[in-house]
Participant: 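Attaching a single structure in structure tokens format; questions to follow.
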Amino acid sequence: MTIGNDAAKKKSDKKEKKRKREEKVDHDTTSRDGMKKDERDRRKEKKRAEKEELLSKVPKADENGIAYTKIQIKRMMKRVKRGLPPVPTEQEERERIRRLKEEEIETQQELSGMLYNRDDEGSVAKDDNITEADENHNCDNEDSSHEESAKNKQSGDDVSDVKPPRKKKARSKPVPNDYVCYACKNKYSPLHWIYDCPDKIHNPGSNNIKKKIKGINEPSERKVFVSGLPFDIKAKDVEVYFEKEKKCGKVVHCKLLMFPDTKRCKGTGFLTFESEEGARNALKLSGTALDISDDKGNDNKQTKKQTLTLSVKKVLSRSVTKNKK
């Protein structure tokens, strides 16, 4: 029994010591935090008093009674803190504005310098030090290399083993054995796509030029523009009307303009005839009535008829219609 009591007493003493140690740590931490808070409060109070003292020395308005802005008041407080008069003279103000402009220019120059490739500085400096004799020597070497390449082509040297230089990473897609590169006609080996061919001519912006040129040439004389069509008409009905009912001629192609949401006809379209005579016959129908029966109602009801005025015009060049108001 005495052994058990001693063990229990030791255990309780150990717990008591641990509790006292924790209380002491908490007290030290609390006292330390309290000291830090008091120090912060003292600093804030000192700073506030210093700010109020500086504000008392700074005027709130100029000689004309116009109140100063917050930025101007802060600037004058800094001057008072340095021992200068709060209101700067005209010369000092001009000097300050000049200094601000210089700093802005330096900032812009630094930003523009960030875009410059620093790795090329050494090569640019070396290029600047090249003399005229070196440039002439390089030109002579280039001319001689061109002449040698021309002689090799004329002599019929085997260039099939020459690998095409690659500016970009080659396509990973395998090239079929029967593929023919239209740029070099499989002159280079191994087989490669036309995108990786060195003889491929790359003209950036050529598509934009083609878009501008598109429509300048005169359209076909066999093509006409038709308007005044019903909204529920089909391309087959238009072909039958012009080809069989009006005997204009054979219609090769019919394109109706549709609404993107309902996919119904806008009442306009383009017709292409087999011959110019058919297009001329269709132009004669412009202004005539277009009678198409509407059979979508009930069978018992009498069928209604839509009387529409047909308009057929010659298709004009885009350069003519673009500036037309």
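In this chain, residues are counted from 1 in sequence order. Hydrogens, waters and symmetry mates are skipped; everything else that's a heavy atom, side chains included, is used.
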Participant: Taking atom CD1 of I71 as the centre, report whether more than 12 heavy atoms of other residues, nucleotides or ligands fall under 6.0 Å from it.
Facilitator: no

Participant: What heavy-atom pair brings S286 and S311 nearest, and what distance separates the two atoms?
Facilitator: OG-CA, 3.8 Å

Participant: Determine whether more than 12 heavy atoms belonging to other residues, nucleotides or ligands lie under 6.0 Å from atom CD of E103.
Facilitator: yes

Participant: Counting N and O atoms only, with roles assigned by atom type, does the side chain of R222 sit under 3.5 Å from a partner on the main chain of F273, one being a donor and the other an acceptor?
Facilitator: yes

Participant: Taking the side chain as every heavy atom from C-beta outward, state whether V80 and M77 have any atom pair closer than 4.5 Å.
Facilitator: no

Participant: Write down the atom of I194, the atom of K200, and the distance for their closest heavy-atom approach.
Facilitator: O-CD, 3.1 Å

Participant: If you measure from the Lys or Arg side-chain nitrogens to the Asp or Glu carboxylate oxygens, is any gap between R42 and E39 under 4.0 Å?
Facilitator: yes

Participant: For E16, is the CD atom crowded, meaning more than 12 foreign heavy atoms sit under 6.0 Å from it?
Facilitator: yes

Participant: Tell me, with the steps shown, if R96 and E93 meet salt bridge (Lys or Arg N to Asp or Glu O under 4.0 Å).
Facilitator: CA-CA 5 Å; R96 186 184 66 83; E93 190 67 20; 2.4 Å; yes

Participant: If you apply the rule side-chain contact (heavy atoms from CB on, under 4.5 Å), what do you find for M258 with R264, and how did you get there?
Facilitator: CA-CA 5 Å; M258 303 290 185; R264 296 182 69 194; 5.7 Å; no

Participant: So for atom CD, which belongs to E276, do other residues, nucleotides or ligands contribute more than 12 heavy atoms lying within a distance under 6.0 Å?
Facilitator: yes

Participant: For a salt bridge (Lys or Arg N to Asp or Glu O under 4.0 Å) check, start with the C-alpha distance between E102 and R98, then their side-chain angles and the critical distance, and finish with the verdict.
Facilitator: CA-CA 6 Å; E102 289 180 355; R98 184 188 63 79; 2.4 Å; yes

Participant: Would V224 and V226 count as a side-chain contact (heavy atoms from CB on, under 4.5 Å) if you check the C-alpha gap in whole Å, the side-chain angles of each, and the deciding distance to 0.1 Å?
Facilitator: CA-CA 6 Å; V224 294; V226 183; 4.3 Å; yes

Participant: Please report the C-alpha distance between R48 and E45 in whole Å, then the side-chain angles of each, then the deciding distance to 0.1 Å, and finally whether the salt bridge (Lys or Arg N to Asp or Glu O under 4.0 Å) criterion is met.
Facilitator: CA-CA 5 Å; R48 192 182 298 111; E45 190 65 29; 2.7 Å; yes

Participant: Roughly how far, to the nearest 0.5 Å, is the CG atom of L100 from the CD atom of E95?
Facilitator: 10.5 Å

Participant: Checking side-chain contact (heavy atoms from CB on, under 4.5 Å) for the pair E277/R280: CA distance, chi angles, key distance, verdict?
Facilitator: CA-CA 5 Å; E277 184 65 26; R280 284 194 289 268; 3.0 Å; yes

Participant: Measure across K266 and F259 and return the closest heavy-atom pair with its distance rounded to 0.1 Å.
Facilitator: CA-CE1, 3.7 Å

Participant: Ignoring hydrogens and angles, tell me if any N or O in the side chain of W193 forms a donor-acceptor pair with the backbone of C181 under 3.5 Å.
Facilitator: no

Participant: For the atom pair CG (L229) and OH (Y241), what is the distance rounded to the nearest 0.5 Å?
Facilitator: 9.5 Å

Participant: What distance do S275 atom OG and N281 atom CG have between them, rounded to the nearest 0.5 Å?
Facilitator: 8.0 Å

Participant: Decide whether V315 and L256 are clustered together by the hydrophobic rule: side chain heavy atoms of Ile, Leu, Val, Met, Phe, Trp, Tyr closer than 4.5 Å, transitively.
Facilitator: no

Participant: Could you tell me whether a side-chain N or O of N64 sits under 3.5 Å from a main-chain N or O of I66, the two making a donor and an acceptor?
Facilitator: no

Participant: Got a donor-acceptor contact below 3.5 angstrom from the K81 side chain to the M76 backbone?
Facilitator: no

Participant: Using every non-hydrogen atom in the two residues, find where C197 and A183 come nearest and quote the distance to one decimal.
Facilitator: SG-CB, 3.8 Å

Participant: Rounded to the nearest 0.5 Å, how far does OG1 of T89 lie from CZ of R94?
Facilitator: 8.0 Å

Participant: Counting distance only, does the side-chain N/O of Q72 pair as donor-acceptor with the main-chain N or O of T69 below 3.5 Å?
Facilitator: yes

Participant: Cation-pi between K223 and F270: NZ/CZ under 6.0 Å from ring centre and within 45° of the ring axis?
Facilitator: yes

Participant: Using a 3.5 Å distance criterion without hydrogens, assess whether the side chain of D199 forms a donor-acceptor pair with backbone atoms of C184.
Facilitator: no

Participant: Salt bridge (Lys or Arg N to Asp or Glu O under 4.0 Å) for K314 and E221? Distances and angles first, verdict last.
Facilitator: CA-CA 8 Å; K314 181 182 176 183; E221 296 289 339; 3.5 Å; yes

Participant: Please say whether more than 12 non-hydrogen atoms of neighbouring residues, nucleotides or ligands are located less than 6.0 Å from CG in D261.
Facilitator: yes

Participant: Is it possible for you to say whether L283 and F225 belong to one hydrophobic cluster, with membership spreading through side-chain heavy-atom contacts below 4.5 Å?
Facilitator: no

Participant: For L290 and L310, which heavy atoms make the closest approach, and how far apart are they?
Facilitator: CD2-CD1, 4.2 Å

Participant: Please lay out, stage by stage, how T272 and V251 fare under the test side-chain contact (heavy atoms from CB on, under 4.5 Å).
Facilitator: CA-CA 6 Å; T272 305; V251 178; over 6 Å; no

Participant: Return the minimal non-hydrogen interatomic distance between I73 and L55, and the atom names on each side.
Facilitator: CG2-CD2, 3.8 Å

Participant: Is atom OH of Y179 surrounded by more than 12 heavy atoms (other residues, nucleotides or ligands) closer than 6.0 Å?
Facilitator: yes

Participant: Just checking K263: does its NZ atom have more than 12 heavy atoms from other residues, nucleotides or ligands closer to it than 6.0 angstrom?
Facilitator: no

Participant: Supply the atom-to-atom distance D196 CG to L191 CG, rounded to the nearest 0.5 angstrom.
Facilitator: 12.0 Å

Participant: Salt bridge or not between E92 and R79? Use side-chain N to carboxylate O under 4.0 Å.
Facilitator: yes

Participant: First locate atom SG of C265, then atom CG of L257, and finally report the distance between them rounded to the nearest 0.5 Å.
Facilitator: 7.0 Å

